[in-house]
Amino acid sequence: MTVAKEYASFELMAAAGARELKDGEIVAVGLGLPVVAAFLAKASHAPNITILLELGVVDPEPLEIGVHGLSDPRIWYRAKIHASFVDMLGAVLHRGLVDVGFLGGLEIDAYGNLNTTLLGDPKGKFRRFTGSGGGNDIASSARRTVMIMRHDARKLNEAVSFITSPGYLRGDGERSALGLTGGPSRVITDKAVLGFDPESKRMKIESIHPDTSLEDVLENMNFKPIVPDDLPITEPPTEEQVRLIREEIDPKGNYA
Amino acid sequence: MTVAKEYASFELMAAAGARELKDGEIVAVGLGLPVVAAFLAKASHAPNITILLELGVVDPEPLEIGVHGLSDPRIWYRAKIHASFVDMLGAVLHRGLVDVGFLGGLEIDAYGNLNTTLLGDPKGKFRRFTGSGGGNDIASSARRTVMIMRHDARKLNEAVSFITSPGYLRGDGERSALGLTGGPSRVITDKAVLGFDPESKRMKIESIHPDTSLEDVLENMNFKPIVPDDLPITEPPTEEQVRLIREEIDPKGNYA
Amino acid sequence: MTKVTTLSEAVASIPQGAHVALSGFATARCAMAFAHEVIRQDLKELTVSQCVGAMDADILAGAGVLSRIIYGGGSRGRTGQHFCLNRAIEQGTIIAEEYSSLSMAFRYLAGSLGLPFIPIRSLQGSDILKHVQEVAPDTTGTITDPFTGDDWLVLKPLSPDVAVVQVQVADEEGNAQILGPRWENEEQVKASKRTIVITERLVSTEMIRREPDRTLVSGFRVSHVVQLPFAAHPSSVFQAYDFDEAHIDLYAKASKTAEGFQTYLDQYVYGVKDHWEYLEKVGGMQHLNSLIADPLLGY
Amino acid sequence: MTKVTTLSEAVASIPQGAHVALSGFATARCAMAFAHEVIRQDLKELTVSQCVGAMDADILAGAGVLSRIIYGGGSRGRTGQHFCLNRAIEQGTIIAEEYSSLSMAFRYLAGSLGLPFIPIRSLQGSDILKHVQEVAPDTTGTITDPFTGDDWLVLKPLSPDVAVVQVQVADEEGNAQILGPRWENEEQVKASKRTIVITERLVSTEMIRREPDRTLVSGFRVSHVVQLPFAAHPSSVFQAYDFDEAHIDLYAKASKTAEGFQTYLDQYVYGVKDHWEYLEKVGGMQHLNSLIADPLLGY
C-alpha cells in the first residue's frame with residue numbers, strides 16, 4: 001500500500017479510525033467522521049464488518065454520505081435492514097453484540113468520559129449541545145468505544161463539565177462496579193491517537209500524527225496524559241484510502 | 001330478524017357467543033368455536049369489532065375457517081395485520097386494550113377457573129391436553145372473558161384439577177388481590193348461558209337453551225350454580241345467522 | 001368506520017397541557033404541518049416526547065407551545081443545533097427531561113407492552129441520570145435482579161396522551177405503513193393512549209390487506225387520519241420526497257435568534273391560513289415537484 | 001461471506017444437550033427436515049423451546065431426542081394433541097417447563113434485548129406458575145415495582161444456544177424474511193446465541209437490499225444457511241405451500257401409540273437417507289406440486 005503524498009487532516013483521522021475496526025466486527029456508528037471511518041474500513045481491510053446506525057439501518061451502501069447525519073436518507077441507501085431503535089440499540093447493542101462503538105465528541109476527559117451536552121461559555125454560563133442520542137447507550141454497552149474529536153485544550157480536560165457518555169468515570173474500577181463492561185479504547189484527534197492505561201484507565205498517547213510534535217500534542221490538552229517512552233508516528237492514510245474517501249465515500253466533500 | 005326454524009347446537013352456541021360482543025370492541029379469539037362466534041358477530045351486529053389471533057393476525061376475512069385452528073393459513077387470509085405474539089398478546093392484550101377474551105375450555109369450575117392442561121382418567125392418572133397457549137394470558141389481562149364449552153358433568157366441577165387460566169380463583173377477591181382485573185363474564189355451553197354473581201363470583205345460570213330444562217342443566221353439572229328466580233330461555237340463532245355460519249363462515253362444515 | 005378528517009379538527013382534539021409523542025428524527029418524517037397548526041391554534045403547556053430531537057419539536061419550542069420535552073438529545077445533523085429547543089432550555093422556559101435514545105425507546109416499549117418498569121444498562125454513572133433524577137425523580141429507580149442479585153436501573157414506562165405520526169401510507173381506519181427505518185415510531189404509537197396519523201397517501205383498506213406485514217399502526221389505536229401532501233416539509237419522507245435543503249438552511253439561520261425565529265413564524269406559520277398556503281409560500285408545486293423522491297433511491 | 005451449507009453440516013454443529021429454539025407453530029413453518037436430520041444424527045438430551053408446541057417438537061419428543069421442553073402448551077389444532085409430547089411428559093421421560101404463549105414470548109423478548117428480567121401479569125394465581133416453580137425454580141421471581149409499590153411476577157430471559165428458523169427467503173449471509181404472521185420467531189432468533197436458517201428460497205443479497213424493511217433475521221446472527229424445498233412438510237409455509245392434510249392425518253394416527261410412531265419413524269425418517277428421499281417417499285414432485293400455494297391466498 002502506497003502512503004498518500006497529500007491528505008487532509010480528517011482523512012488521516014478517518015484512516016486511523018478505520019484501522020481500529022477488525023474484519024467481521026459489529027460496529028455502532030455515530031454521526032460525523034465515524035461514518036466516514038467505518039465505510040473506509042468496510043471498503044478496504046474489513047469488508048465483513050456490520051455497520052449499524054442507531055435509528056434502524058444495517059449495512060447501507062450509500063452513493064454519498066449526505067449532509068444531515070443519520071437522518072439523511074442518502075445514508076440509508078441499499079441497506080440490508082431498515083428497522084428501529086429497539087432493534088439496533090436494544091436487540092444488538094444492549095444484547096451485548098456490538099464490538100465497537102464509534103463516536104464523535106465535544107469534550108472528553110482523562111478517563112475517556114464524553115460530554116456532548118453542555119459546554120461552559122466565556123460568560124460563565126453553559127451552552128447546550130446535542131446531548132446523548134445513542135451515545136450514552138453505545139458507551140455503556142459496546143465491548144469497546146473509539147472516539148474521534150478535535151485536539152483542542154478546551155475540549156480535552158481533566159474532568160468534563162457533564163458526563164454524557166461514561167468512559168472509566170474516575171478510574172479505579174468505578175465503571176465496572178456499576179456493571180458496565182467495555183469502555184473507551186481509543187481517542188483519535190487531529191494530532192494524535194490516544195489509548196488508555198490498562199491499570200489506571202488514564203489516557204495515554206499511542207502515536208502522534210506526522211507534522212506534529214509531542215509538545216504540540218501536550219500543549220493542546222488541559223490534562224497530562226501518560227506519555228510512553230516509545231512514541232511512534234501515526235501511520236498516514238494510503239493513496240487508496242484517500243481515493244476511496246474522495247471518490248466513493250464522500251464524493252461531494254461534505255466532510256472535507 | 002326471523003328466528004331459525006332448525007339449527008345445530010353449535011350454531012346456537014355461536015350465536016349466543018356472538019351476542020356477547022359489542023360493536024367496536026377488541027376481541028382476542030382462541031381456537032375452536034370462539035372463532036365462529038367472533039366472525040358471526042362481525043358479519044352481523046358488530047362490523048367494527050377487531051378480531052385478534054394470538055400468533056399475529058388482525059381482522060382476517062377468511063374464505064373458510066380451515067381445520068388446523070390458528071395455524072391454518074386459511075384463517076390469516078385478507079388480514080389487516082400480520083405480526084407476532086409480542087404485538088398481539090403484549091402490545092394489545094398485556095397493554096390492557098383487549099375488551100373480550102374468547103376461549104374454549106376442557107374443564108371449568110364454579111368460579112370460572114379454566115383447565116386446558118390435565119384431566120384425570122378413569123385409572124386415577126392424569127392425561128395431558130393442550131395447556132395454555134395464549135389462554136392464560138387472555139384470561140389474566142382481558143377486560144372480560146367469555147368461554148364456550150360442552151355441558152358435561154365431568155367438565156363442570158366445583159374446582160378444576162389444574163388452573164390453566166384464572167377465573168375468580170376461590171372467589172372473595174382472590175383474583176383482584178393478585179392485581180388481575182377483568183375476569184370471566186359468561187360461560188356458554190350446549191345447554192345454558194351462565195354468568196357470575198357480582199358479589200360471590202360464583203357461577204349462576206343466565207338462561208337455558210330451548211329444548212332443555214333446568215333439571216337437565218343442573219344434572220349435568222358437578223356443582224350447584226346460583227339459580228335465579230326468573231330464568232329466561234336463550235334466544236335461538238336467527239335464520240340469517242344460521243345462513244352466515246353455513247354459507248360464509250364455515251362453508252365446508254369444519255365446525256359442524 | 002372512517003377517521004379521515006382535517007388537520008384542524010385533529011389538532012383541535014388535543015387538550016392544553018397534553019403529552020404528545022412526535023414522529024420526527026432530526027430532519028426526517030417530522031410532523032411539521034401538524035406543528036404549524038398547533039401553533040396557529042395556540043395550544044400551550046404541551047409536553048413533547050421523542051427519542052431524538054427533531055424539527056417538529058424545535059418549532060414548537062420556539063413558538064412557546066411547550067412546557068416540557070422528554071427526549072434523548074439530538075440535533076439537525078450537520079446543519080446545526082436545535083436552536084429554539086436549546087435556547088428555551090438554557091433560559092429555563094421549558095424543562096428538559098433528557099435521557100438517551102435507548103432509554104427513551106425502552107420507556108416507550110415498556111408503555112407499549114404494559115410493563116410496569118424496564119431495566120436498562122444505559123445512563124449509569126452519567127450526569128444524564130443525575131439530571132433526570134432532579135427534574136423527574138419519579139421516572140427512574142433501582143431493582144435487585146432476583147436471578148443474579150445485581151442491581152439494575154429501571155425506567156418508568158412512557159404513555160403519551162397522543163402519538164402524532166407522519167407516515168407514507170394509511171387507510172381511512174388508520175392502518176398505516178412506515179417505509180424506511182422506523183426509529184421509535186412503532187413503540188410511540190403502541191405506548192400512546194391514541195394516535196393521530198398524518199399520511200402522504202390515503203389508500204383503500206384493500207391495499208392494507210395486500211401487505212398486512214407492513215401495517216405498523218393498527219387502526220384501532222387511531223383517532224384521526226389526516227391526508228396531506230408534503231406534510232413533513234422541509235424534512236424528508238422516505239420514498240415520498242427529499243428534505244428541502246434550502247428551506248432547512250433558511251430555518252437554521254432564522255432560528256439562531258429569537259427575533260429571526262419570530263420573523264420565520266410570522267411568515268410561514270402565522271402568515272398562512274393552512275398547509276396549502278404554506279406549500280404555496282415555500283415554492284408551490286413547481287418547487288415541491290423538484291423534491292419528489294426517486295423510487296430507487298427513496299430520496 | 002457465504003454460510004450456505006448442507007442440512008447435515010448444520011445439524012452436526014449442534015452439540016448433545018444443546019438448547020434449540022424451533023420456529024414451528026402447531027402445523028405451520030415447523031422445522032421438519034431439520035428435526036428428521038437431528039433424529040438421524042442421533043442427537044440426545046436436547047432442550048427445545050417454542051411458544052406453542054408444534055410438529056417439529058413432537059417428532060423430536062417421540063424419537064427420544066429431548067430431555068426438556070420449554071413451551072406454552074399447544075396442539076395440532078383440530079387434528080388432535082401432540083401425542084408424542086404428551087406421552088413423553090405423562091411418562092416422565094421429558095420434563096415440561098410449561099408457561100403460556102406470552103410468558104414464552106416475553107422470555108425470548110427479554111433475552112433478545114439483554115434485559116435481566118421482565119415483568120408480566122400472566123401466570124399469577126394459576127397452577128402453571130406452581131408447576132414451573134417446581135420444575136424450574138430459577139425462572140420466576142417477584143419484584144416490587146419501585147414506582148407503585150405493587151408486586152410483580154418477573155420472568156428470567158431465555159437465551160437458547162441455537163434458533164432454528166424455517167423461512168421463505170434468505171440470502172447466503174443469512175439475512176432472511178418471514179412472510180405472514182411471525183409468532184415469536186423474531187424474538188427467538190434475537191435471543192439465541194446463533195441461528196440456523198432453513199430457507200425455501202435462496203436469493204442474492206441484492207434482493208434483500210431491495211426490501212430492507214422485510215429483513216427479520218440479520219446475517220450477523222446466523223451460522224448456517226440451508227436451502228431446501230418443502231423443508232417444513234407436512235406443515236405449511238405461507239406463500240410457499242399448504243400443509244399436507246393427508247400426511248398430517250397419517251402422522252396423527254401413527255403417533256397415537258408409541259408403536260405406530262416407531263413405524264412412522266422407520267418409514268419416513270430412518271428409512272430415508274436425506275430430505276430428497278423423504279420428498280420422494282411422501283409423494284414426489286407430482287404430489288408436492290399439488291401443495292404449492294396460490295399467491296393470492298398464500299396457501
Side-chain angles (χ1 to χ4, degrees), chain B residues 31-32 53-57 63 66-74 76-77 79 81-90 93-94 113 115-118 125-141 160-166 169 174-175 177-180 254-255, chain D residues 24-28 51-54 71-79 81-82 85-87 89-90 96 98-106 108-109 120-128 131 150-152 179-187 235-236 238 242-243 245 248 293 297-299:
Chain B
L31 90 163
L53 308 182
E54 63 174 74
L55 78 171
V57 175
L63 301 177
V67 294
H68 283 184
L70 305 185
S71 86
D72 193 321
R74 279 152 193 76
W76 312 341
Y77 183 56
I81 305 184
H82 282 170
S84 68
F85 277 119
V86 167
D87 278 317
M88 298 294 105
L89 296 182
L93 177 74
H94 202 262
N113 301 300
N115 172 22
T116 49
T117 302
L118 295 172
K125 288 166 67 180
F126 281 98
R127 276 201 61 209
R128 290 189 53 76
F129 285 86
T130 57
S132 164
N136 173 281
D137 308 304
I138 291 170
S140 301
S141 287
V160 291
S161 42
F162 188 101
I163 299 179
T164 310
S165 302
L169 300 169
E174 191 181 344
R175 179 188 173 94
L178 288 172
L180 303 177
N254 288 320
Y255 285 80
Chain D
F25 177 101
T27 58
C51 276
V52 167
Y71 78 140
S75 72
R76 253 193 337 269
R78 288 176 61 86
T79 65
Q81 304 298 315
H82 292 305
L85 262 178
N86 285 351
R87 198 160 44 233
I89 299 169
E90 286 167 14
E98 195 168 330
Y99 300 82
S100 64
S101 296
L102 183 62
S103 318
M104 285 297 298
F106 269 9
Y108 286 126
L109 179 67
I120 192 167
R121 198 181 300 112
S122 304
L123 304 188
Q124 290 178 93
S126 75
D127 288 324
I128 302 179
H131 182 74
D150 294 341
D151 282 341
W152 276 81
L179 310 181
R182 304 179 286 276
W183 34 101
E184 81 281 19
N185 289 174
E186 186 175 351
E187 291 79 16
S235 73
S236 66
F238 189 63
D242 202 358
F243 55 84
E245 195 167 355
I248 290 180
L297 301 173
Y299 56 84

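In what follows, chains are A, B, ... by sequence order, proteins preceding strands, each numbered from 1.
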With only heavy atoms counted, which part of [X] is less than 4.5 Å from chain D, the side chain, the backbone, both or neither?
X	result
Asn113(B)	neither
Leu169(B)	side chain
Arg127(B)	both
Leu63(B)	side chain
Tyr77(B)	side chain

Most contacts with chain D, counted as non-hydrogen pairs under 4.5 angstrom, among [options]:
options	result
Phe129(B), Phe126(B), Phe85(B)	Phe85(B)
Thr117(B), Asn254(B), Thr116(B)	Asn254(B)
Gly56(B), Gly133(B), Gly69(B)	Gly133(B)
Arg128(B), Arg175(B), Met88(B), Glu174(B)	Arg128(B)
Ser84(B), Ser71(B), Ala79(B)	Ser71(B)

Leading residue by heavy atom contact count with chain B [cutoff under 4.5 Å; candidates [options]]:
options	result
Gly298(D), Gly73(D), Ser101(D)	Ser101(D)
Ala54(D), Ala293(D), Ala28(D)	Ala28(D)
Ala105(D), Gly24(D), Gly74(D)	Gly74(D)

Check the angle between the aromatic planes of Phe106(D) and His94(B) and answer parallel, tilted or perpendicular using the 30° and 60° thresholds.
-> perpendicular
Testing the basics here: between [X] and [Y], what is the closest heavy-atom pair and its distance to 0.1 Å?
X	Y	answer
Val160(B)	Asn115(B)	CB-CB, 3.9 Å
Asn136(B)	Ser122(D)	OD1-CB, 3.4 Å
Thr130(B)	Glu98(D)	O-OE2, 4.3 Å
Thr27(D)	Ser235(D)	O-CB, 3.1 Å
Tyr99(D)	Ser132(B)	O-CB, 3.8 Å
Leu180(B)	Ser140(B)	CD2-O, 3.8 Å

Measure [X] against the heavy atoms of chain B and call it side chain, backbone, both or neither at under 4.5 Å.
X	answer
Glu186(D)	neither
Phe243(D)	side chain
Asp150(D)	neither
Leu123(D)	both
Glu90(D)	both
Asp242(D)	side chain

Hey, which of Leu89(B), Leu31(B), Asp87(B) is the one that makes side chain to side chain contact (heavy atoms under 4.5 Å, CB included) with Glu54(B)?
-> Leu89(B)
How about Trp183(D) and Cys51(D): do any of their side-chain heavy atoms sit closer than 4.5 Å?
-> no
Rounded to the nearest 0.5 Å, how far does CG of Asp72(B) lie from OG of Ser236(D)?
-> 7.0 Å
Would you please test Ser103(D) and Ile120(D) for side chain to side chain contact (heavy atoms under 4.5 Å, CB included) and show each step?
-> CA-CA 7 Å; Ser103(D) 318; Ile120(D) 192 167; 4.0 Å; yes
